[in-house]
Novice: 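One structure, as structure tokens, below. Some questions next.
In this text, all values refer to a predicted model and were calculated from it rather than measured experimentally. Atom set for the values below is all heavy atoms of this structure, side chains included, hydrogens, waters and symmetry mates excluded.
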Amino acid sequence: QLGTTKTIPAISIGSAALASIGSIFNGTSTYYDGKLSDFQVYNAVWSASDIAYDYAKPNHLVTDNPSTSLTVSNLKAYWALTEGAGSIAYDSSGGGIDGTISGATYTSQEPKILQLGMVDYSISTPVSNAITLVANPSNPSQDIRGTSVRLREKAFNLDGSGYSSADNSSTLQFGTNAFTIQAWIKPFSLASNNRILTKGVTGNGEFMISVGGDNASLRVYAKDSSGNALDTSNDFSSLTADSWQMITVIIDTPNDQILFFKDDGSVESKTGASWSGNFNNTEPITIGNTSSVSAGQFFNGLVSDALVYDKLLTSDEVENNYKAGLSAHTN
């Protein structure tokens, strides 16, 4: 209970024969009815600063808090509960206190667990020593198995003259299905033609996301293989200069509309595309310019966590990715 201190008698769990998550200690009654993840046990007291840090930065352990007195040695058990399959709940603290699962099942890509974003950390368990993919407390750049993990802490600095271009791939041929594009951006300038992400600029089946229009809004342009286009110039809300914001754009081809999910949870739309063709083209996908790399269309700012999905994300999934990246994109 926040802000409340309670005094309890001295206790010792050093001689306990069995500890359970989700039931009374003997595992026979008083079952928990709900979901659990990221279960940690420390042999030390957390400060209010530790609690706030742990909540705000789910990709870090509380031991990374600059003002904490806790060390990794205080972490005595860490059950992430994200294996996804099997009968073992692995202890990722290094202490080797693995648990045996009885009756519990996993929820894949739970849309409200901040640590996971839209990434399912479940792994197959073909061998008995497979371990959950969570950060190694002694080396956060690796998981507990020593495999490098990605931290959401860096960004692509585009100073108005740089870009990244990836060759066309068959996985980026979306046909007539809806698809979703997400990215964290921090524009230094709200000038028009400030391209964020494009695929195709010389033919049909193309799409483009940029800062554009008279009101410095997010502009989305999408033209199908039949030449039917929809342009949202000046239709969406203005972006904010020198501030991180996550943009989520859905090209909803079945419903002839473009959706823009905003950070405040609201959704803006532009309809009337009359798309009749597909969104297939063989040009590269480019971050920070057009696919043909045109002068005067470089993005001026920072870009991070650019994602492309071949589906229409739900509002829960959009919110989940926003929360998972929020702590790394503070202003």
Side-chain angles (χ1 to χ4, degrees), residues 117-118 163-185 187 192-213 217-239 245-263 265-292 297 299 303 305-322 325:
M118 274 293 291
Y163 67 96
S164 173
S165 181
D167 289 339
N168 175 60
S169 168
S170 60
T171 62
L172 297 176
Q173 306 298 325
F174 301 113
T176 58
N177 297 320
F179 55 98
T180 304
I181 302 147
Q182 283 188 319
W184 282 89
I185 65 169
S192 296
N193 294 324
N194 215 336
R195 306 295 196 222
I196 301 169
L197 185 147
T198 65
K199 189 176 192 303
V201 292
T202 60
N204 295 334
E206 64 185 17
F207 57 86
M208 174 269 292
I209 301 173
S210 67
V211 179
S217 62
L218 181 75
R219 180 190 179 192
V220 184
Y221 177 83
K223 183 169 65 172
D224 68 10
S225 59
S226 299
N228 303 303
L230 183 60
D231 191 345
T232 71
S233 181
N234 298 325
D235 291 306
F236 290 154
S237 298
S238 299
L239 299 173
Q245 51 231 281
M246 190 182 84
I247 58 170
T248 299
V249 172
I250 293 178
I251 311 296
D252 184 7
T253 50
N255 295 302
D256 292 332
Q257 65 178 340
I258 295 173
L259 303 176
F260 172 34
F261 283 76
K262 300 174 62 180
D263 288 355
S266 62
V267 183
E268 299 178 350
S269 65
K270 176 70 178 292
T271 59
S274 299
W275 289 313
S276 59
N278 59 46
F279 277 88
N280 296 341
N281 69 66
T282 59
E283 296 193 46
I285 190 164
T286 303
I287 297 172
N289 204 299
T290 61
S291 295
S292 61
Q297 298 186 2
F299 181 75
V303 178
D305 285 311
L307 305 168
V308 180
Y309 296 89
D310 62 352
K311 60 169 286 189
L312 190 157
L313 293 191
T314 67
S315 58
D316 273 352
E317 291 168 339
V318 172
E319 179 187 4
N320 188 53
N321 275 359
Y322 173 74

Novice: What distance do Thr198 atom OG1 and Met208 atom CE have between them, rounded to the nearest 0.5 Å?
Specialist: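 If I round to the nearest 0.5 Å, the distance is 8.0 Å.
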
Novice: How many angstroms lie between atom CD1 of Ile209 and atom CD1 of Ile251, to the nearest 0.5 angstrom?
Specialist: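 Rounded to the nearest 0.5 Å, the CD1-CD1 separation comes out at 6.5 Å.
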
Novice: Any side-chain heavy atom of Phe260 sitting closer than 4.5 Å to one from Val267?
Specialist: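 When only atoms from C-beta onward are counted, Val267 and Phe260 do not touch, as no gap falls below 4.5 Å.
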
Novice: Quick one, Thr248 and Thr180 - any side-chain contact, counting heavy atoms below 4.5 Å?
Specialist: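 The answer is yes, as the side chains (C-beta and beyond) meet within the 4.5 Å cut-off.
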
Novice: Hey, mind stepping through Asp305 and Gln182 against side chain to side chain contact (heavy atoms under 4.5 Å, CB included) and telling me if it holds?
Specialist: CA-CA 8 Å; Asp305 285 311; Gln182 283 188 319; over 6 Å; no

Novice: So which heavy atom on Ala273 is nearest to which on Asn228, and how close?
Specialist: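 The pair with the smallest heavy-atom distance is O-CB, 4.0 Å.
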
Novice: So, does Asp224 use its side chain to make a donor-acceptor pair with the main chain of Asn278 at under 3.5 Å?
Specialist: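 Absent.
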
Novice: Among Asp231, Val211, Asp235, Leu239, whose side chain to side chain contact (heavy atoms under 4.5 Å, CB included) with Arg219 holds?
Specialist: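 When Asp231, Val211, Asp235, Leu239 are each tested with Arg219, the side chain to side chain contact (heavy atoms under 4.5 Å, CB included) holds only for Asp231.
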
Novice: Measure the CG-OH distance between Leu230 and Tyr221 for me, rounded to the nearest 0.5 Å.
Specialist: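 Spacing of CG (Leu230) from OH (Tyr221) equals 9.5 Å.
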
Novice: How many angstroms lie between atom CG of Asn289 and atom CD of Gln297, to the nearest 0.5 angstrom?
Specialist: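 Rounded to the nearest 0.5 Å, the CG-CD separation comes to 6.0 Å.
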
Novice: Could you state the interatomic distance from CD (Gln173) to CG (Asn280), rounded to the nearest 0.5 Å?
Specialist: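 Going from CD on Gln173 over to CG on Asn280, the span is 4.5 Å.
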
Novice: So which atom in Ser269 and which in Leu259 form the shortest heavy-atom distance, rounded to 0.1 Å?
Specialist: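 Closest heavy-atom pair between Ser269 and Leu259: CB-CD2, 3.5 Å.
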
Novice: When you measure from the side chain of Ser169 to the backbone N and O of Thr171, does any donor-acceptor pair fall under 3.5 Å?
Specialist: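 At least one qualifying donor-acceptor pair exists.
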
Novice: Minimum heavy-atom separation for Pro284 and Ser165, please, with both atom names.
Specialist: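 Of all heavy-atom pairs spanning Pro284 and Ser165, the closest is CB-OG, 3.4 Å.
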
Novice: Might you work through the salt bridge (Lys or Arg N to Asp or Glu O under 4.0 Å) test for Lys262 and Glu268, ending with a clear yes or no?
Specialist: CA-CA 8 Å; Lys262 300 174 62 180; Glu268 299 178 350; 3.5 Å; yes

Novice: So do the side chains of Tyr309 and Asn321 get within less than 4.5 Å of each other, counting heavy atoms only?
Specialist: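 When only atoms from C-beta onward are counted, Asn321 and Tyr309 do touch, with a gap below 4.5 Å.
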
Novice: If we only count heavy atoms from C-beta on, is the Lys311 to Glu317 side-chain gap below 4.5 Å?
Specialist: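 They are in side-chain contact.
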
Novice: Mind checking whether Trp184 and Tyr322 have parallel, tilted or perpendicular rings, split at 30° and 60°?
Specialist: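 The arrangement is parallel - the two ring planes meet at less than 30°.
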
Novice: CG of Asn168 to CD1 of Ile285: how many Å apart, nearest 0.5 Å?
Specialist: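 Rounded to the nearest 0.5 Å, the CG-CD1 separation comes out at 9.5 Å.
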
Novice: Is the backbone of Lys270 close enough, under 3.5 Å, to the side chain of Thr232 for a donor and an acceptor to pair up by distance?
Specialist: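 Such a contact is absent between Thr232 side chain and Lys270 backbone.
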
Novice: If you define the side chain from C-beta out and look only at heavy atoms, does anything of Val220 sit under 4.5 Å from Phe236?
Specialist: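 Answer yes - side chains close enough.
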
Novice: Evaluate the side-chain proximity of Lys199 to Asn281: yes if any heavy-atom separation is below 4.5 Å, no if none is.
Specialist: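 Yes. Closest side-chain heavy atoms under 4.5 Å.
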
Novice: Could you tell me if the side chain of Leu197 sits less than 4.5 Å from the side chain of Thr286, heavy atoms only?
Specialist: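 No, every pair of side-chain atoms sits at 4.5 Å or beyond.
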
Novice: Determine the minimum heavy-atom distance between Ile287 and Ala306, stating which atoms define it.
Specialist: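 Shortest heavy-atom contact: CD1-CB, 3.9 Å.
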
Novice: Could you check whether any side-chain heavy atom of Phe279 comes within less than 4.5 Å of a side-chain heavy atom of Asn177, counting everything from C-beta outward?
Specialist: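 A side-chain contact under 4.5 Å is absent here.
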
Novice: What is the minimum heavy-atom distance between Ser225 and Asn204, and which atoms define it?
Specialist: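 Taking Ser225 first and Asn204 second, the nearest heavy atoms are O-ND2, 3.2 Å.
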
Novice: Do Gln257 and Asp252 have side-chain atoms, one donor and one acceptor, less than 3.5 Å apart?
Specialist: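 The answer is yes; a qualifying pair exists.
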
Novice: Should the pair Phe179 and Phe174 be assigned to parallel (<30°), tilted (30 to 60°) or perpendicular (>60°) ring geometry?
Specialist: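 Plane angle under 30°, so parallel.
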
